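Here the structure is laid out as structure tokens; the discussion comes afterwards.
When reading the values below, keep in mind they use all heavy atoms of this one structure, side chains included, and skip hydrogens, waters and symmetry mates. Quick caveat: nothing in here was measured; it's all calculated off a predicted structure.
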Amino acid sequence: MENHIGSRRIEGVCIRNKGDDMSKTDRLPQENSKEWGIINCHAHVLPTNGINSLLFTWPFPLPMVTILRNPVIRWIFLKLGKLLSTMLVKWFGSTTLENRWDRLVALANMEFMILKKEKDDAKKTNKEKKAGKEKREKKERELKNKLYKKYVQYEEYENIKLGSVEKDKKQLHKVYKKFELVYRILEGNYPPHTTFVLLSLDTKFMFSHGKKFGNKVALNYEKQLAILEVLKEETLNKNKKELKKLKKEASEEKMGKKEYKKYIKELDKKPVDTVLPFIHADPRRKNITKIVKHCIKRRGFQGIKIYPPFGVLPYAPRLNGVYKYAQKKSIPIIAHCTSTGMTGYPFYDDKNYYDEKTPPESEEKNNGIYTHPFNYEKVLEEFPKLHLCLAHFGGNDEWTEYLEEPWDYLKNPRMSWGRIIIKMIGERENGKLKYPNLYTDISYTSFDPHTLALLKVHMGDKKIKELRKKILFGSDFPVLQAHVTDRAFSVNIRGLLGEKDFEQIASINPKKFLGPVNTPKLNNNKE
């Protein structure tokens with residue numbers, strides 16, 4: 001198992017040849033430690049321009065984000081902005097502005113990390129410019145062709161408006177490189193061979209600044225899916241090559257027969273398919289059930305994402321086909337279940353359209369309508385064996401309110417969303433769990449140390465013993481960056497829970513929820 005100490009990584013099972021330079025490997029051995037793989041069940045890797053669109057920051061205009069690359073301006077803006085945001089919250093009593101401010105801070109911190117990464121990459125590129133130019137150019141051409149091939153295959157379902165071939169290839173390649181860079185930032189916050197669930201987001205029906213975004217956002221749905229698919233393949237190939245290289249460099253003569261066999265055995269246990277993309281299913285998109293089936297059967301997607309704040313009730317009849325398929329094939333679904341989130345236009349399933357004329361309610365009201373945990377209870381009544389994760393465990397606001405606000409249960413018998421989710425997980429029928437495959441994750445919610453203690457209490461809940469087996473680790477990267485880095489987030493949780501409980505939520509539970517890793521045969525995308 002791997003731990004973090006400051007910026008260094010400590011690997012539990014790290015067999016080294018004699019004479020290895022520790023300054024190069026940046027690793028230290030730790031004795032008597034069990035090896036297991038961490039799984040982050042909730043993350044996004046949208047590139048900067050995608051984050052600009054998705055983490056909309058009203059009342060702060062989006063173009064202002066570009067100036068945040070200047071460290072001085074960034075520091076002044078964030079200090080003054082936080083003060084303004086706090087004052088507005090006190091004056092108007094709304095958490096919407098505060099939530100949007102958090103998104104801006106996350107974006108600013110991401111900009112800072114991306115800029116640093118770009119500078120590091122530029123230095124590396126300059127050193128390698130002369131060496132292997134032809135080989136590098138050939139690899140870039142192959143990547144462009146692969147991206148374009150994946151992208152155009154979605155035309156069968158959506159009638160994509162294609163431009164010139166070369167223009168589309170160039171654009172896809174440019175966006176992919178940004179996508180990959182953000183993924184590398186995420187990956188760098190965790191030990192090697194950590195597995196990541198990466199969630200797509202269909203922004204076609206998104207609402208912001210009084211306008212419908214549609215496919216005008218920087219990264220449309222089809223491009224996201226194509227890029228996630230290629231990122232999965234490229235990461236898989238890279239991990240295979242790295243493990244092959246480590247095996248080749250290992251020496252039985254230097255290490256001894258027993259240690260050599262142990263080392264090779266440990267390498268064989270390392271996961272290589274570490275990118276698990278989820279496809280967002282919005283019932284307003286034409287042929288959504290067919291697209292979901294296609295992505296999971298042929299494209300290597302691991303599961304499904306549901307995002308009600310865009311204006312969709314989870315029990316919308318047009319999602320029944322998706323749920324039926326997911327239950328039959330034990331495909332995991334991650335569904336947004338917190339009172340905050342990005343909004344979309346209301347959707348009326350009985351009228352078979354979404355209402356573009358009626359703006360959504362405020363963020364709190366909109367999410368209270370669409371994302372309430374009781375909405376998912378209606379889904380589970382019809383599909384009780386669905387592998388469903390109610391993301392964010394009700395949300396940080398709900399946890400904070402539960403801890404800080406005294407409730408008069410006689411006058412207001414309201415339950416916090418977290419308690420409702422716990423009740424649903426522990427509910428029994430005929431002596432057995434009513435919803436045996438219902439989970440929740442702690443993404444974003446547990447960043448605050450003062451609510452983190454509540455997680456420890458939940459893990460030791462003696463009334464609902466199954467609860468500790470139903471909580472998943474996730475970070476909600478990059479939104480979490482408004483408060484802490486992913487590394488600090490995971491280390492804080494690990495330190496509080498201890499090794500046994502952290503392994504439970506970050507390895508044992510996710511493996512059971514996700515099921516076998518969906519690794520398709522590469523270059524085999526025929527229906």
With rounding to the nearest 0.5 Å, note down the distance linking [atom1] in [X] to [atom2] in [Y].
X: Arg487; Y: Asn189; atom1: CZ; atom2: CG; answer: 6.0 Å
X: Ile279; Y: Leu201; atom1: CD1; atom2: CG; answer: 12.0 Å
X: Leu319; Y: Ile288; atom1: CG; atom2: CD1; answer: 8.0 Å
X: Arg494; Y: Ile505; atom1: CZ; atom2: CD1; answer: 10.5 Å
X: Leu225; Y: Phe278; atom1: CG; atom2: CZ; answer: 13.5 Å

Is [X] reaching over with its side chain to a backbone N or O of [Y], donor-acceptor style, under 3.5 angstrom?
X: Glu429; Y: Lys434; answer: no
X: His392; Y: Gly394; answer: no
X: Gln302; Y: Pro277; answer: no
X: Glu233; Y: Leu228; answer: no
X: Lys305; Y: Ile334; answer: no
X: Asn396; Y: Thr445; answer: yes
X: Glu229; Y: Lys150; answer: no
X: Thr371; Y: Thr338; answer: yes

**Message:** Go through it in stages, so that I can follow the logic: the residues are Gln327 and Asn437, the test is side-chain contact (heavy atoms from CB on, under 4.5 Å), and I'd like the CA-CA distance, side-chain angles, deciding distance and then a yes or no.
**Reply:** CA-CA 10 Å; Gln327 180 171 263; Asn437 302 316; over 6 Å; no

**Request:** Please list, chain by chain and in numerical order, all residues satisfying side-chain contact (heavy atoms from CB on, under 4.5 Å) with Thr289, sequence neighbours excluded.
**Result:**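 So Thr289 forms a side-chain contact (heavy atoms from CB on, under 4.5 Å) with Lys293, Val322.
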
**Prompt:** Of all residues at least two apart in sequence or in a different chain, which pass the side-chain contact (heavy atoms from CB on, under 4.5 Å) check with Pro436?
**Reply:**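 Listed in chain order: nothing, the list is empty.
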
**Request:** Take Glu180 and Arg184 through the test side-chain contact (heavy atoms from CB on, under 4.5 Å) and record every step on the way to the result.
**Result:** CA-CA 6 Å; Glu180 184 188 39; Arg184 280 164 51 204; 4.2 Å; yes

**Request:** For side-chain contact (heavy atoms from CB on, under 4.5 Å), just list the numbers for Tyr323 and Ile333, CA-CA rounded to whole Å, side-chain angles, deciding distance to a tenth of an Å, and then say yes or no.
**Result:** CA-CA 9 Å; Tyr323 293 141; Ile333 296 176; 3.8 Å; yes

**Message:** Could you go through Val517 and Leu276, starting from their C-alpha distance and side-chain angles, then the distance that decides it, and tell me whether this counts as side-chain contact (heavy atoms from CB on, under 4.5 Å)?
**Reply:** CA-CA 8 Å; Val517 174; Leu276 308 181; 3.7 Å; yes

Between [X] and [Y], is any side-chain donor less than 3.5 angstrom from a side-chain acceptor?
X: His280; Y: Asp202; result: no
X: Thr195; Y: Asn40; result: no
X: Ser475; Y: Asp486; result: yes

Write down the atom of [X], the atom of [Y], and the distance for their closest heavy-atom approach.
X: Asn239; Y: Val272; result: ND2-O, 2.8 Å
X: Leu390; Y: Thr440; result: O-OG1, 2.7 Å
X: Val312; Y: Pro283; result: CG1-CG, 3.4 Å
X: Ile304; Y: Ala281; result: CG2-CB, 3.8 Å
X: Ile493; Y: Ser446; result: CD1-CB, 4.3 Å
X: Leu198; Y: Leu186; result: CD2-CD2, 4.0 Å

Report the residues that fulfil ring pair (Phe, Tyr, Trp, His ring centres under 6.0 Å) with [X], sequence neighbours left out, ordered by chain and then residue number.
X: Tyr183; answer: Phe196
X: His458; answer: Phe393, Trp399
X: Tyr435; answer: none

**Message:** Quick check on the 6.0 Å ring-centre criterion: do Phe477 and Phe489 meet it?
**Reply:**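 No.
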
**Request:** Check whether the ring centres of Tyr176 and Phe179 lie less than 6.0 Å apart, and answer yes or no.
**Result:**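 Centroid distance Tyr176-Phe179: not below 6.0 Å, so no.
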
**Message:** For Thr235, give me all partners under side chain to side chain donor-acceptor pair (under 3.5 Å), at least two apart in sequence or on another chain.
**Reply:**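 Scan of Thr235 (side chain to side chain donor-acceptor pair (under 3.5 Å), adjacent residues dropped) gives none.
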
**Message:** List the residues meeting side chain to side chain donor-acceptor pair (under 3.5 Å) with Asn509, not counting sequence neighbours, and say none if there are none.
**Reply:**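 Applying side chain to side chain donor-acceptor pair (under 3.5 Å) to Asn509 gives Gln504.
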
Listing, residues 375-389 side-chain donor-acceptor contacts under 3.5 Å, not counting sequence neighbours, or none:
residue : atom : partner : partner atom : Å
Asn375  : ND2  : Ile369  : O            : 2.9
Asn375  : ND2  : Tyr370  : O            : 3.0
Tyr376  : OH   : His336  : O            : 2.5

Can you tell if the side chain of [X] reaches within under 4.5 Å of the side chain of [Y], non-hydrogen atoms only?
X: Leu236; Y: Val275; answer: no
X: Asp441; Y: Ile471; answer: no
X: Leu455; Y: Leu497; answer: yes
X: Leu433; Y: Glu427; answer: no

**Asked** Does the pair Glu222/Arg285 count as a salt bridge with the N-to-O cut at 4.0 Å?
**Response**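 Yes, this pair counts.
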
**Item:** Carboxylate-amine/guanidinium proximity below 4.0 Å for Lys463 and Asp461
**Value:**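 Not counted as a salt bridge, because no side-chain N and carboxylate O are separated by less than 4.0 Å.
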
Tell me every residue that passes salt bridge (charged side-chain N to carboxylate O under 4.0 Å, His left out) with [X], counting only those two or more places apart in sequence or in another chain.
X: Lys456; answer: Asp501
X: Arg419; answer: none
X: Lys470; answer: none

**Request:** Name the orientation class of the two ring planes belonging to His44 and His42 (parallel below 30°, tilted from 30 to 60°, perpendicular beyond 60°).
**Result:** perpendicular

